[in-house]
Amino acid sequence: MEKAILVGLDCHQNDDFNVSMKELARLAEACDIEVVQVTTQKANEPTANYYIGQGKVESLKQDIQTLDANLVIFDDELSPSHIRNLERVLETKIIDRTVLILDIFARRAKTKEAMLQVELAQSMYLLPRVIGMYRSLSRQKSGTGSKGPGEQQLEIDRRILRDRIAKLKSELRDVVEVRRTQRKKRKQADVKTVAIAGYTNSGKSTLMNALLEHSSKKADKYMFEKNMLFATLETQTREITLANNHHFLLTDTVGFISKLPHHLIEAFKSTLEEIKESHLILHVIDAANPNYTNQLEVAESVLKEIGVEDIPIIHVYNKIDNCEKLPIDDYPYSIHVSALNDLNIDQLLELIDQLLHKDRHVVRMLIPFDQGQLFNYLKKHTHIQETIFSNEGIRLLVELDDLLLNKYAIYVQ
Ligand SMILES: Nc1nc2c(ncn2[C@@H]2O[C@H](COP(=O)(O)OP(=O)(O)OP(=O)(O)O)[C@@H](O)[C@H]2O)c(=O)[nH]1
Ligand SMILES: [Mg+2]
């Protein structure tokens, strides 16, 4: 087991700093790393050489020996030269928050798509840092008499990594194409889709399971939920059928976190596209977390980066069973629920149904008998409340959205 010292530089002197350090400890825990000490320093800005001050480096060196640590983890993304300088002085492995997050993603990735995405993000992170890595490798080799690494070797390593990145990108493109085709089919079939998004550990998968419990058609497989960061990596989609026969596809997605590495968002674009392509987003918020407003802002900024401006969002304040005070907000659509205790789930489903069918009109239609195909289409894609076979044709009481209403206006009575 690795034993780590966590290091944070407090540049703004606000509450977020402590929250961020606690989160870093949880990220380490998710990687099976034992945290033996947390070291912080207040400063206006990082130093050019070591990120932290010279004096702090000295005391860190002492602590590493005393505590027998073999890893130092910084809360912010370090530059290649910071890593190089720190490794040289501290003679131990130096990583940052980004590496931890990438590591967790690598451990959790199961599908081919997720594995390609994670490796791509890791390789892109590594590319400018190859030199640091090479130095630390050469340190291990010193004394064996082997030739030191020259510039030439470094160039070869970089080229190998660049080739690998190109290959990963092209493989990902193929996988993404499959996903796009699936989505296109859904769109053609006019199936409504809802995506669940939000901060990691907010209860997205638990909410998905609660909604599945309320579906009149039972799901055969439920989501994996657990009190750990990034329990869900793979996007999963299930169908929910309501009592009124309306149905929609619900997708659980990967959680967000503050300082989410940019490479990761880049690499996971295809997964995040599921959110972008949906008709409605459920933004799940862990209202029992004292830091929830912050998490909410982080999630909103990621959503903004994905580009979801035109999609309606329901703010789902979860874990209200565990809240001292109910959150107040001024979003157009929001609801308080407990996914774990099945509180207000029916109300949420009602709201989802309303928003998905905002433009729905209940009308009477008379379909001539020679338009059997249209009747079949309506049976498949709309909710028919009443069917009467009369002498003139088929009389329907049916729900139509704006599009269908315009298209088949001549049959509406
Ligand atoms: N008290 C309480 N706990 C909840 C509720 N909903 C979820 N949890 C707990 O919160 C933890 C995280 O739940 P998940 O559903 O895995 O969260 P997630 O958002 O899917 O997390 P990631 O997939 O890791 O991003 C679990 O331990 C759940 O049991 C709730 O309504 N009340
Ligand atoms: Mg999950």
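Only this structure's heavy atoms are used, side chains among them; waters, hydrogens and symmetry mates stay out. As the structure lists them, so they are numbered: ligands from 1, and atoms in each ligand from 1.
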For [atom], which candidate among [options] holds the nearest heavy atom?
atom	options	answer
atom 25 (O) of ligand 1	Lys319, Lys204, Met208	Lys204
atom 5 (C) of ligand 1	Asp286, Asn201, Leu340, Ile196	Leu340
atom 2 (C) of ligand 1	Ile345, Asn322, Asp321	Asp321

Between ligand 1 and Asp252, is the shortest N or O to N or O distance under 3.5 Å?
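In fact, backbone or side chain, Asp252 has no N or O that close.
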Please report whether ligand 1 has a polar contact with Ala339, defined as an N or O pair separated by less than 3.5 Å (distance criterion only).
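N/O-N/O distance under 3.5 Å: yes.
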Return the residue, atom name and 0.1 Å-rounded distance of the protein heavy atom closest to [atom].
atom	value
atom 16 (O) of ligand 1	Lys226 N, 3.0 Å
atom 13 (O) of ligand 1	Thr206 OG1, 3.4 Å
atom 24 (O) of ligand 1	Ala231 N, 2.6 Å
atom 31 (O) of ligand 1	Ser338 OG, 2.9 Å

Could you tell me how the ring of His246 sits relative to the ring of His357: parallel (under 30°), tilted (30 to 60°) or perpendicular (over 60°)?
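His246 vs His357 ring planes: tilted.
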Taking the six-membered ring for Trp, are Tyr377 and Tyr408 parallel (under 30°), tilted (30 to 60°) or perpendicular (over 60°)?
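The rings of Tyr377 and Tyr408 sit tilted, inter-plane angle from 30° to 60°.
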When you measure from the Mg ion (ligand 2) to the N, O or S atoms of Thr206, does any of those distances fall below 2.8 Å?
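No, outside the cut-off.
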Could you walk me through whether Ser20 and Asp75 pass the side-chain hydrogen bond (donor to acceptor under 3.5 Å, both in side chains) test, one step at a time?
CA-CA 8 Å; Ser20 187; Asp75 192 39; 2.6 Å; yes
Just how far is it from atom NE2 of His82 to atom OG1 of Thr47, taken to the nearest 0.5 Å?
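So the gap between those two atoms works out to 5.5 Å.
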As an exercise, state the distance from CG of Leu172 to CD of Glu113, rounded to the nearest 0.5 Å.
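Reported to 0.5 Å precision, the distance equals 6.5 Å.
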Assess the residue pair Asp252 and Ser205 against the criterion (side-chain hydrogen bond (donor to acceptor under 3.5 Å, both in side chains)); give the C-alpha distance rounded to whole Å, side-chain angles, the decisive distance to 0.1 Å, and a yes or no.
CA-CA 6 Å; Asp252 188 14; Ser205 302; 2.6 Å; yes
Answer yes or no on whether Arg129 is positioned over the face of Tyr125, meaning its NZ or CZ is under 6.0 Å from the six-membered ring centre and within 45° of the axis.
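Yes.
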Of the side chain and backbone of Asn318, name the one, both, or neither that has a heavy atom under 4.0 Å from an atom of ligand 1.
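The answer is the side chain of Asn318.
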